[in-house]
Q: 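Dumping the structure here so I can ask a few things about it.
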Amino acid sequence: MRQGRWLKVYSLTYLVFIYAPVLLLPIFAFNDSAIVAFPLTGFTTKWFEELWSATVMHEALWNSLYVGIATAVLSTVFGTCAARASTRFDFRGKKAAMGFIMLPLVLPEIIVAVALVVVLVQMGISLSLFAVVLGHVLICTPFSIAILSSAFNNLDLSLEEASLDLGETPFSTFFRVTLPLVAPGIVSSLLISFTISLDEFIIAFFLTGTDPTLPVYIWSQLRFTAKLPGVVSLGSLLLLASLILLLAAEYFRRRANKKAGTEGDGTGGFL
Amino acid sequence: MSAVPAEGKPLLGGRFRFWLKSEEASGFKLLSPAFLYALVMLAAPLAMVVVISFWTQELIDFDRSFTLKNYEEAWTDPIYRVLMLRSLAISGIVTVTTVILAFPIAYFVSFHVKHHKPLWILLITIPFWTSYLLRVFLWKVILGYNGVLNSGLIELGLIEEPLTFILYNATTVVITLAHAWAPFAILPIFVSLEKIDRSLLEAAEDLGDGPIQRFFRVTLPLAMPGVIAASLIVFIPTVGDYVTPRLVGGNSGLMIANIIQLQFGQASNAPLGAALALSAMVIVAAISVLIVWSSRRFTKRQAR
Amino acid sequence: MSSTPSAGTIIDIERVEKRFGQVAALKKGIDARIREGEFFSLLGPSGCGKTTLLRMIAGLDDPTVGEIRIDGKPMNGVPANHRPTNMVFQSYAIFPHLNVFENVSYGLRKQRLVKAEVERRVAEALAMVSLSGYEKRASHAMSGGQRQRIALARALVLRPRVLLLDEPLSALDKQLREQMQIELRHLQREVGITFVLVTHDQSEALTMSDRIAVMFEGNIAQLDSPEMLYRRPISKRVASFIGVMNFFPASVTGESAKGVEAEIAGLGPMTVPKQQVPKDVTGREVTAGVRPEMMTLLFDETETAEREVMAEIDDVVYYGDMSYYSLRLPGCEELTTVSMRNTAGRPILKEGGSVRVGWGQESVVLLS
């Protein structure tokens with residue numbers, strides 16, 4: 001098992017590499033100095049206090065929440081229908097249609113952004129948060145579909161048939177059997193889409209017009225050295241929020257699998 | 001759809017009504033919202049980009065007559081050529097390093113971790129869920145002139161002057177991207193390693209292969225789909241990355257996405273930007289197809 | 001166009017065909033009548049269309065052609081939730097998000113009973129399947145056998161006219177399966193409901209059913225009682241699907257009042273009684289069949305049989321209670337299997353020797 005030990009050392013080193021930048025966030029968020037550099041000068045919470053009174057940032061936060069929630073709901077609705085279609089029904093052109101819907105996963109985001117900006121400008125629709133939502137739904141739907149497909153796949157078809165056989169209508173079957181069993185998948189899809197939307201920069205940057213989302217706001221702050229400690233403390237709050245959302249999503253995904261009677265594969269449902 | 005018979009109307013109505021109740025129709029109905037959305041918000045815009053790439057920019061409007069001028073400029077102007085080649089080179093290097101660095105950790109988690117696989121995978125994916133923008137920015141903080149690395153090294157007395165070769169060039173872009181895309185490389189490889197039937201490895205050993213031979217004759221060929229997926233997942237989006245070169249690349253690290261953004265922004269030459277974007281897309285697609293194709297041939301040859 | 005149901009018929013299957021896209025699952029138009037109160041089995045290898053037929057009775061699929069009537073009422077287009085049938089699924093389909101009580105009472109919600117009545121009927125159903133007191137258990141914590149019982153209780157609590165069972169025992173291990181066969185049989189007698197069972201296991205069908213429809217490739221090959229299926233199979237295929245049978249080439253030489261005269265390779269000329277000749281056996285060249293236990297070895301001179309012949313012993317397989325002899329009969333290329341019970345004092349012969357083989361007229365059937 002010597003090979004195993006070397007691999008373990010390597011893997012732990014790799015984890016340090018992955019985490020190094022992220023771990024700096026909380027460290028410098030509480031550092032007294034106005035420059036983000038070593039040595040640390042002292043403990044402070046003043047950057048967080050500054051955030052508390054940064055009204056532009058608050059607006060950006062609200063914008064992001066609006067975009068994130070709208071995106072999460074829309075892409076989960078699309079994702080639920082599409083995942084159901086692809087797991088339950090067989091029809092001509094299904095593969096092609098699904099492939100097309102999943103395309104944004106492998107398309108550079110700049111292409112999506114450029115394409116949307118061109119068409120919106122041509123159609124005379126002004127750039128706005130709504131435009132950002134349109135773009136985000138496009139890139140989040142594939143993730144929703146992936147998560148919900150796994151939820152629907154784990155759902156035994158005979159459960160729904162049993163419900164029909166026991167006298168329920170297709171409509172009531174959906175609410176008594178299907179929905180309770182895929183609900184955790186739906187929650188997980190909502191959380192993941194929301195998180196992706198909250199972090200997305202390039203599409204928002206192209207489409208947002210005058211109302212910045214949080215990443216666009218952060219981008220505008222990065223140019224000023226004096227603003228960096230503030231950005232770092234904001235970043236650590238976002239990190240915390242993302243973590244909570246991600247863990248919640250994972251929790252619900254596992255519950256979905258457990259409910260449907262299968263064990264989670266532990267690879268994250270979005271693979 | 002194809003359910004349009006040449007005969008009279010009642011038949012059409014009858015057949016259509018029958019079709020509406022069929023399984024196929026249920027599938028279509030459920031898939032159509034997402035499909036129509038992708039059609040309107042992705043296919044149509046992409047088509048629009050194609051159309052615009054053949055137009056000419058005039059102050060605020062377009063000259064809508066057909067021209068190949070934009071493509072000519074995109075493919076012949078040395079600036080664009082340099083940026084395109086640099087983007088491809090940087091992405092290529094990033095892809096190769098990321099995949100090579102990712103393989104051992106995926107292998108470790110799949111073959112040597114017994115009870116905590118989900119935990120390891122979670123640990124690997126968590127950084128991916130923190131803002132991309134911030135992760136890239138943090139590398140700037142780490143590698144900058146007054147950055148964490150330099151100030152740390154000076155503090156430790158290892159260097160006296162801050163190192164300057166580590167920020168604002170192509171190398172920085174490579175390091176940053178290799179970091180940002182690590183989970184995307186690890187996960188597909190991990191999944192394909194997990195799918196390998198362990199008894200195949202025992203069979204190889206039983207048939208006389210040592211650990212190294214076994215790895216190259218059984219494990220690696222079977223993990224190839226994951227490696228290819230990882231390569232494409234890293235390569236395709238990194239070619240078009242905008243944030244990283246802009247934040248940490250300096251002038252010598254700029255990539256094609258930056259110039260595309262410039263055309264749509266300050267330079268306000270959308271047709272040229274469209275031509276550049278489409279050219280980049282076509283080149284990336286071609287390379288991806290080539291990777292898939294050659295890997296298939298490779299696996300086939302291995303199988304013999 | 002529904003004809004009046006003949007007395008005692010509960011399910012009437014008339015010219016039913018089913019196609020899935022281009023694939024025909026049931027092609028030739030199936031006709032069958034299932035009688036009120038009987039234990040009816042659809043038996044056949046996988047892919048023979050038996051499950052498709054069951055699902056069409058349940059209303060989970062619709063026939064492409066033909067009609068199914070239950071209690072004389074045409075069922076085409078009537079969805080599963082409006083049919084007087086309930087089903088036990090192969091996977092049991094126990095709702096994982098509901099506990100045992102909620103599973104069993106699932107279908108009762110529609111009937112708008114008072115709470116006490118629901119509880120009483122659930123308790124009654126659980127008692128029927130020996131699961132009293134398990135109401136509050138989480139369903140995913142139950143074993144395979146218990147889940148099967150929950151599925152039974154969940155269907156029976158609705159007092160269906162017909163209970164449909166889709167391979168209900170296939171997921172259980174051998175011992176539990178045999179125990180459940182007997183229990184299911186008893187349960188059916190007790191509740192008096194018509195059971196329609198789908199299975200690929202011939203011994204399961206034989207032990208439980210009143211009547212069995214043997215299906216091959218989307219057709220019913222023979223519909224009969226277990227005894228008749230075993231003793232009077234109408235084709236080689238049915239005969240070898242249910243148990244073991246020796247086949248001999250035979251040619252018909254004439255017909256008399258007593259039966260059909262035939263020259264049988266290895267057995268010689270014989271008169272096969274009429275009832276042992278299926279209607280569709282016509283023409284000169286036919287096949288004669290004899291079950292291994294319908295022939296006997298004559299160990300000494302005192303033992304006699306109606307007909308006998310000397311045979312060489314090619315192989316002997318010892319099974320404890322039984323011995324199987326592979327014999328070479330004169331004028332017959334194929335080996336013939338004869339099984340003998342190993343009773344006290346009866347010798348077990350060695351291969352290579354020869355022995356007298358005896359049989360009677362009633363042991364032989366003709367097959368198409």
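Residue numbers start from 1 in every chain, and the chains themselves are labelled A, B, ... in the order their sequence lines are given, proteins ahead of strands.
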Q: Just wondering, do A:Leu107 and B:Leu42 contact through their side chains at under 4.5 Å, heavy atoms?
A: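 Of all side-chain heavy-atom pairs linking A:Leu107 with B:Leu42, at least one is under 4.5 Å.
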Q: Do B:Tyr132 and A:Glu109 make a side-chain contact, defined as non-hydrogen atoms from C-beta onward lying under 4.5 Å apart?
A: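 Of all side-chain heavy-atom pairs linking A:Glu109 with B:Tyr132, none is under 4.5 Å.
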Q: Quick one: are B:Leu134 and A:Phe201 in side-chain contact, heavy atoms under 4.5 Å?
A: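 Side-chain contact under 4.5 Å: no.
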Q: With A:Pro21 as reference, evaluate B:Ile142, B:Thr176, B:Val148 under the side-chain contact (heavy atoms from CB on, under 4.5 Å) test and give the passing residue.
A: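 Filter result, single survivor: B:Ile142.
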Q: What part of B:Ala257 gets within 4.5 angstrom of chain A, counting heavy atoms only: side chain, backbone, both, or neither?
A: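 Both backbone and side chain.
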Q: Can you classify the ring geometry of B:His179 versus A:Phe17 as parallel (below 30°), tilted (30 to 60°) or perpendicular (above 60°)?
A: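 Taking A:Phe17 first and then B:His179, their aromatic rings stand perpendicular (interplane angle over 60°).
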Q: If only atom types and distance count, is the side chain of A:Tyr14 paired as donor or acceptor with the main-chain N or O of B:Ile124 below 3.5 Å?
A: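 Checking the backbone N and O of B:Ile124 against the side chain of A:Tyr14, no donor-acceptor pair under 3.5 Å is found.
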Q: With a 4.5 angstrom heavy-atom cut-off, could you sort out which part of B:Ile260 is near chain A: side chain, backbone, both or neither?
A: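 B:Ile260 touches chain A through side-chain heavy atoms alone.
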Q: Do B:Leu101 and A:Tyr10 have side chains that approach each other closer than 4.5 Å (heavy atoms only, starting at C-beta)?
A: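 A side-chain contact exists here, since the closest heavy-atom pair is under 4.5 Å.
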Q: Applying salt bridge (charged side-chain N to carboxylate O under 4.0 Å, His left out), name anything that partners B:Arg214, two or more places apart in sequence or on another chain.
A: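 Listed in chain order: B:Glu205.
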Q: Over 60° means perpendicular and under 30° means parallel, so tell me whether A:Phe78 and B:Tyr37 are parallel, tilted or perpendicular.
A: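 Correct class here is tilted.
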Q: Is there a side-chain contact between A:Phe89 and B:Leu31 in this structure, where contact means two heavy atoms from C-beta onward sitting under 4.5 Å apart?
A: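 Side chain of A:Phe89 against side chain of B:Leu31, heavy atoms only: no contact under 4.5 Å found.
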